[in-house]
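Labels below follow one simple rule: chain letters A, B, ... track the order of the sequence lines, proteins then strands, and each chain is numbered from 1.
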There are 2 protein chains.
Amino acid sequence: MNLRRLAETLNLSQTTVSRALNGYSDVSEATRLRVQKAATLHNYRPSMRAKSLATGRAMTIGHIIPVTSRHEMVNPVFGDFIAGAGETYSAQGYDMLLKLVPDGDEERVYRDLKSRGTVDGIIIHGPRMDDSRIPLLKEIGLPFVVHGRASDVEDGYSWLDVNNKSAFERATKFLIDLGHTRIALINGLENMDFAHRRRNGYVHALSDAQITIDPTLMRSEEMTEVYGYRSTQELLALPAPPTAFLTSSMMVAIGVRRALEDTALKMGRDVSVITHDDDLSYLKNGEGVPIFTATRSSVRDAGRECADMLLKRIKDPTLPPFTRLLEVDLTLGRSTGPAPIKG
Amino acid sequence: MNLRRLAETLNLSQTTVSRALNGYSDVSEATRLRVQKAATLHNYRPSMRAKSLATGRAMTIGHIIPVTSRHEMVNPVFGDFIAGAGETYSAQGYDMLLKLVPDGDEERVYRDLKSRGTVDGIIIHGPRMDDSRIPLLKEIGLPFVVHGRASDVEDGYSWLDVNNKSAFERATKFLIDLGHTRIALINGLENMDFAHRRRNGYVHALSDAQITIDPTLMRSEEMTEVYGYRSTQELLALPAPPTAFLTSSMMVAIGVRRALEDTALKMGRDVSVITHDDDLSYLKNGEGVPIFTATRSSVRDAGRECADMLLKRIKDPTLPPFTRLLEVDLTLGRSTGPAPIKG
DNA sequence: GCGTGCATCCAAAGCGCTTTGGAAATTCCG
DNA sequence: CGGAATTTCCAAAGCGCTTTGGATGCACGC
């Protein structure tokens with residue numbers, strides 16, 4: 001059933017039926033009711049294709065996932081983020097388009113998206129420090145919101161970010177207060193902006209406490225369980241091993257724990273661990289008392305809010321960019337304790 | 001730049017330009033070249049909206065994720081599946097639409113998808129044993145492929161599934177051969193078809209070996225780390241605790257391991273663990289010798305192939321349904337060993 | 001020189017909706 | 001009671017593409 005046939009059935013013009021269904025005021029309540037009845041009766045749903053051609057809006061938001069040969073953004077965090085954003089979209093009648101884009105193809109894809117009109121806006125994932133996508137999107141005029149920030153890009157764009165620096169600064173300071181001085185940082189890839197900020201927070205806290213920075217205690221890779229495991233093994237094999245670990249994700253922390261359990265060291269007694277926790281639905285930080293002491297911030301909430309920001313800007317493009325900095329909770333778990341007394 | 005203006009620029013008709021760009025034979029090579037040059041010069045890309053209205057194809061595949069209040073399909077497995085499917089889509093010029101759908105809304109959404117023409121086909125995730133979506137989609141005539149199967153639905157639809165029954169039967173038999181008789185099954189939700197099949201395989205192997213089935217050794221919940229942990233604690237507290245665990249996912253197995261490490265029991269010596277491993281990119285089963293003995297099947301490959309099947313059926317709807325049963329590898333890791341001698 | 005066949009091109013209709021710019025009918029009010 | 005204002009409806013254009021059904025010109029063979 002399409003609009004024309006529905007209009008014929010009702011002995012009305014397409015115009016009237018369309019306006020009745022879309023809630024315009026220049027149609028009497030009586031006929032509006034008639035139209036609505038007939039629409040549900042005949043199971044009429046307007047064709048998205050035609051509608052978006054006529055209106056110029058796709059009612060679709062794009063999520064572009066960079067696919068490097070070696071590193072994937074399709075990670076556990078992404079799933080929860082999408083879930084959050086999806087809630088917002090469903091509530092407001094938007095669809096979500098997912099696109100995996102090989103590195104280097106990005107410019108072409110964004111321009112495509114704009115000129116082919118497949119989406120009304122996009123959300124940028126995993127910004128790097130100097131992310132070329134931001135000026136690019138500004139240039140081509142496609143509304144966007146960044147999940148994270150790009151340090152080297154001057155302002156003038158919308159973003160939502162966790163306060164990574166303060167989070168890791170607080171976590172580091174917490175470990176220092178417990179007496180730790182050799183603190184390892186098992187970070188994400190540091191060309192990622194968030195990882196860079198976390199390192200800054202870590203370094204800052206150490207400097208504040210007059211502790212010299214030891215580069216051998218810092219790692220930077222993609223955040224997998226195996227990476228956490230391997231790094232810990234290597235770090236523990238050092239002449240002066242760390243007594244505390246700061247990790248960038250639950251997944252990595254689980255790897256750290258696995259490595260510790262291969263040794264005689266007990267987590268929370270001999271070695272302390274703090275992780276950042278994205279509060280993923282299927283990977284909770286324990287029940288009751290958390291497994292790990294953690295800086296926590298729900299990535300699902302972030303998704304919901306990013307989507308919200310984007311839709312607002314699409315509705316009213318004259319609005320100035322939104323920015324939102326989320327502070328983390330530092331929740332105490334079983335994985336931290338005072339630094340062991342030197343033997 | 002749109003088709004009309006491009007045609008004007010070239011002093012050609014829209015027809016000719018369109019056909020030149022789409023590779024029809026009734027346009028001379030000379031003009032085709034001219035057209036292509038002009039198209040790239042002016043950065044012309046056909047509007048998806050107009051194109052899909054004209055052709056009736058959306059060039060988009062839908063992935064519907066059921067969202068129950070309590071259980072989420074946006075799980076770690078989903079991310080990798082999507083990544084695989086996305087590769088296929090990119091390669092063939094398709095887009096991917098993601099939709100989170102609250103339980104109960106499904107029928108409305110599928111009918112919507114069909115009549116609004118937003119997608120050309122969909123992939124069904126997480127089929128339950130008697131999944132109503134399958135007959136529904138057949139009725140409304142939207143092409144689809146099921147990732148998994150629905151036991152209670154008679155054939156006549158396309159699916160790709162892991163041989164869950166044989167996988168868990170083999171795994172159970174392997175444990176039995178090692179001398180284990182008290183084997184726990186920490187399964188996924190058993191209204192999910194795959195979980196039901198796994199249980200069948202488990203039960204079958206035990207029966208074959210004349211081992212009586214003990215319902216207290218079987219759990220069925222959503223597959224989280226915490227679930228694995230809690231289940232293991234409870235099972236170990238039994239008067240006659242199991243000596244081996246069979247789990248449905250790496251995540252659960254990690255929970256099992258955490259519970260074991262709270263005790264004096266050593267995995268692989270005192271207690272054996274086998275898990276199913278979906279071979280997720282960020283959650284590898286260790287490097288070198290696997291952490292867990294596991295039945296493995298790449299969910300990413302599954303995604304790639306599901307997408308392939310669907311696109312083939314969309315291109316030629318007269319084709320009979322495809323079905324594909326993937327056998328798993330049983331890879332030996334460090335988590336299994338002979339049953340401990342009874343003290 | 002004329003019908004045939006082929007290679008190129010094009011005008012116009014159509015996809016299913018929204019929206020503009022009235023027209024017709026009704027109400028209002030001095 | 002007549003003109004203005006208001007309400008209710010509609011014809012037709014337009015969104016940007018594809019596709020049908022020719023039209024045109026040219027070489028070919030007889």
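At least one side-chain nitrogen or oxygen of Thr16(A) sits closer than 4.0 Å to the OP1 or OP2 atom of dC10(D). In terms of phosphate contacts, Asn2(A) brings no side-chain nitrogen or oxygen within less than 4.0 Å of OP1 or OP2 of dC15(C). Phosphate contact (OP1/OP2 of dT19(D), side-chain N/O of Tyr24(B), threshold under 4.0 Å): present. Residue Ser18(A) places none of its side-chain N or O atoms closer than 4.0 Å to OP1 or OP2 of dC17(C).
The local environment of NZ in Lys37(A) is sparse, with at most 12 non-hydrogen atoms from other residues, nucleotides or ligands closer than 6.0 Å.
Nucleic acid contact for Arg19(A): base, since at least one base atom lies under 4.0 Å from a heavy atom of the residue. Among the heavy atoms of the strands lying under 4.0 Å from Asp26(B) is at least one base atom, whether or not backbone atoms are also near. Within 4.0 Å (heavy atoms only), Ser47(A) reaches sugar-phosphate atoms of the nucleic acid but no base atom.
Near DNA chain D, defined here as any heavy-atom distance below 4.0 Å, the residues from residues 51-62 of chain A are Leu53(A), Ala54(A), listed numerically.
The existence of a salt bridge linking Arg111(A) and Glu139(A) is confirmed by a sub-4.0 Å separation between a basic side-chain nitrogen and an acidic carboxylate oxygen. A salt bridge between Arg5(A) and Glu8(A) is absent, with no side-chain N of the basic residue lying under 4.0 Å from a carboxylate O of the acidic one. Using a 4.0 Å cut-off between a side-chain N of Lys or Arg and a carboxylate O of Asp or Glu, Arg57(B) and Asp120(B) do not qualify as a salt bridge.
A parallel orientation is assigned to the rings of Tyr157(B) and Phe144(B), their planes being inclined by less than 30° (bins at 30° and 60°).
Whole-Å rounding puts the Arg49(A) CZ to dG16(C) P distance at 9 Å. At whole-Å resolution of the value, CG in Leu12(B) and C1' in dC17(D) are 17 Å apart. To the nearest angstrom, P of dA11(C) lies 12 Å from CD of Glu8(B). The distance from atom CZ of Arg32(A) to atom C1' of dT8(D) is 12 Å, rounded to the nearest whole Å. Here dC15(C) presents its P atom at 13 Å from CG of Leu3(A), a figure rounded to the nearest Å. For the pair Arg34(A) CZ and dT8(D) P, the interatomic distance rounds to 14 Å; values are reported in whole Å. The distance between atom CZ of Arg4(B) and atom C1' of dC15(D), rounded to the nearest whole Å, is 10 Å. Rounded to whole angstrom, the span from the CG atom of Asn22(A) across to the P atom of dT19(C) amounts to 8 Å.
Of all non-hydrogen atoms in Arg313(A) and Ser158(A), the two that sit nearest each other are CD-OG, 3.2 Å. Here the shortest heavy-atom pairing between Tyr44(B) and Leu3(B) reads CE1-N, 3.5 Å.
Heavy-atom distances to DNA chain D give each of Thr31(A) and Arg45(B) a nearest nucleotide, and the one nearer the 5′ end belongs to Thr31(A).
Taking only side-chain atoms of Ser28(A), from C-beta outward, the nucleotide of dC17(D), dT8(D), dC9(C) with the closest atom is dT8(D). Each of dT19(C), dC17(C), dT18(D) was ranked by its minimum atom distance to the side chain of Thr15(A); first place goes to dT19(C).
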* Asked: Hey, mind stepping through Ile65(B) and Ile82(A) against side chain to side chain contact (heavy atoms under 4.5 Å, CB included) and telling me if it holds?
  -> CA-CA 11 Å; Ile65(B) 310 170; Ile82(A) 286 291; 5.5 Å; no
